[in-house]
Amino acid sequence: MSDIIKLLPDSVANQIAAGEVIQRPASVIKELVENAVDAGATDIKIYIKDAGRTLIQVVDNGKGMTPTDARMAFERHATSKIREASDLFSLHTMGFRGEALPSICAISQIEMKTRPEDKGIGTRLVINATKVETQESVACDQGTNIMVKNIFFNVPARRKFLKSDNVELSNIMREFERLALVNNSIRMSIDTGSRTVDLKPGTFHQRIEDLWKNSLDLHLIPIEVDTSIVKISGYISRPEYARRRNPLQYLIVNGRNMRHPYFHKAIVGCYDSLIAPDTQPCYFLKFEVDPESIDVNIHPTKNEIKFEYEQDIWPILQAAVKAALGKFGAVPSIDFNLDVIPVSPLQKGEKPKEPTIDVPRDYNPFDGTSYGKNPLFRSTNGGSVSNWDKLYSDFMKGAHGFNRKEPDTQENSGVIKELKDDSVPTDICLQFADRFIVTSSREGILIIDQRRAHIKILFEEFYAHIKSGEQSSQGLMFPDSIEIDPSQQSALEDILPELYKIGFRLEYDSEIRWNITGIPSFMKNLDARDVVMRMIESVDDSDANYGNNATDTDSLLERMALVMARGAAINYGQKLSSDEMEHIVGKLFALPDPSYTPNGNKIFHLLDSSYLQSLFRQ
């Protein structure tokens with residue numbers, strides 16, 4: 001038998017490594033900028049063409065490289081950052097593995113010019129997919145000018161699955177924001193072809209202001225704590241400025257961006273009872289620890305970091321955040337766990353009421369009261385609902401092709417059942433915990449999530465309006481303004497045609513501000529700014545590339561209908577009258593598919609009679 005195990009060629013090994021390190025054009029920018037920072041650059045310029053597909057150019061004024069170093073930099077595991085294994089435990093640089101440049105050149109064409117300070121002449125190097133084509137002397141400025149052209153040109157599958165230009169530009173701008181925030185003492189600029197951002201060196205607070213303009217200036221609370229194991233500094237947002245969408249949350253350790261769910265939970269936990277459940281605080285926090293107490297070598301992107309004293313840092317972090325909130329009096333006067341209308345304080349001598357379920361005085365569970373008698377229930381064609389069996393004959397048949405999650409068939413097996421086609425609610429509705437509507441059917445007890453049910457009803461109504469054709473727009477006497485981050489600008493431009501079709505009218509005002517001058521005529525009681533912002537955020541890096549085919553357009557329109565439905569739906573904690581509950585239940589079960597929300601969340605559960613009987617067996 002002949003030998004079958006062979007050593008992979010360097011070109012193939014580099015392409016494999018590139019799959020882990022270089023995921024999209026934004027990854028190239030991250031690696032090149034971090035190399036420039038390690039080289040001591042004080043001015044870094046980034047140029048982008050075609051969202052990084054055609055060109056990514058990074059120019060710095062760092063140390064530069066000699067001809068030998070320039071050639072060696074593109075060899076695997078060649079680095080100036082470490083010399084031995086023990087150096088991994090005392091890292092002071094962004095890079096150290098020597099994988100970034102070899103990975104980049106494995107999937108692109110590279111041209112680099114570089115010159116060290118003590119040399120009068122520089123070096124020009126041209127590499128095509130790991131193959132060095134040219135190396136020659138050239139006159140150039142001190143530092144390094146590296147151009148990455150035609151990314152993934154030799155890996156067609158990877159290039160094919162890049163997102164649209166606007167989505168890739170959004171990712172590039174988000175990466176630029178992270179890099180600029182960490183390196184606030186360095187002048188950084190980016191030119192994407194459609195916009196330019198130039199950030200001057202300054203303090204951490206100044207860099208936050210420069211990146212997000214005036215939207216955060218007066219909303220930040222400083223944090224400063226210094227202990228033997230960690231120094232924490234930075235800013236957190238006041239509770240009243242917590243965001244429902246796109247919270248700005250950045251954790252930095254020893255000058256490196258990181259994701260850390262454990263510390264995130266510690267910070268968010270300090271805002272319990274201070275902010276609404278569906279909002280998140282903004283924070284910009286720097287951690288300084290002994291390099292030997294962390295491990296950054298656990299993921300190719302170096303964004304996940306292990307802390308030796310993780311459990312000891314938790315209480316320090318929580319104490320610092322709580323102290324800052326208390327010191328600056330950042331406690332809102334509204335408790336978002338209460339109803340929308342605050343409860344009046346008890347009068348002198350008045351006793352608190354016992355918690356009860358609001359049941360009408362004349363309710364008799366044995367009189368066979370039917371929802372069909374309620375004039376609020378109307379069929380979709382405007383007629384009164386008098387025949388429940390006919391109304392629900394097509395119950396559970398499924399709706400149009402939104403990408404719903406498949407129901408979990410194992411969920412509470414034997415307890416939660418589906419309704420039969422001829423099983424309809426037959427008794428009065430009760431509200432429990434200001435969140436659930438409880439009623440009964442011929443099969444058992446129905447427990448309905450009131451917000452999800454309302455979202456489903458509104459989604460079907462809004463989507464029907466949108467699909468019926470281009471909608472008329474209702475002009476606003478006083479336009480609403482929205483301020484968006486640079487990374488959101490591309491996402492907005494991506495969905496502007498669809499926003500126009502459904503009736504929104506937006507006008508560009510300034511670098512970060514757009515004015516909403518018109519809204520769809522069928523939109524009522526909706527916050528136009530909130531809806532538009534939610535739509536922008538719905539176009540994230542997990543979405544498919546929106547092209548010109550009908551499937552992509554339909555998916556985006558469905559997404560927009562869902563955003564509007566969520567904005568208009570009743571919230572948890574809102575008390576409902578009997579008529580309102582009956583109206584929601586009637587509208588829900590008049591739909592072809594009332595079981596799941598458009599994104600696959602279960603709307604109701606059925607506790608069947610056999611399960612209920614089992615609870616009372618001896």
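Predicted model only: the values in this text are computed from it and were never measured. As a basis for the values below, the full set of heavy atoms in this structure was taken, side chains included, without hydrogen atoms, waters or symmetry mates.
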Donor-acceptor under 3.5 Å (Ser440 side chain, Gly444 main chain): no
Value rounded to 0.5 Å, distance of OG in Ser578 from CG in Leu430: 8.0 Å
Aromatic contact, Trp212 with Tyr250 (centres under 6.0 Å): yes
Gln450 and Gln431 side chains, donor-acceptor separation under 3.5 Å: yes
Close side-chain approach of Ile502 to Met535, heavy-atom, < 4.5 Å: yes
Reported CD-to-CG distance for the pair Glu558 and Asn599, which is rounded to 0.5 angstrom: 11.5 Å
Close side-chain approach of Phe284 and Ile236, heavy atoms under 4.5 Å: no
Carboxylate-amine/guanidinium contact Arg174 Glu177, below 4.0 Å: no
Flag for Ser164-Asn166: side-chain donor and acceptor within less than 3.5 Å: no
Quiz item: cation-pi between Arg505 and Tyr500, 6.0 Å / 45°: yes
Side chains of Leu492 and Ile484 in contact at under 4.5 Å (non-hydrogen atoms): yes
Stepwise ring pair (Phe, Tyr, Trp, His ring centres under 6.0 Å) test for Trp314 and Tyr262: CA-CA 8 Å; Trp314 169 286; Tyr262 188 65; 4.6 Å; yes
Phe604 and Phe589 aromatic centres sub-6.0 Å: yes
Minimum heavy-atom distance between Gly52 and Ile172, given as atom pair plus value: N-CD1, 4.5 Å
Salt-bridge present (Lys602, Asp449; N to O < 4.0 Å): no
Electrostatic pair Glu483:Arg513 at N-O distance under 4.0 angstrom: yes
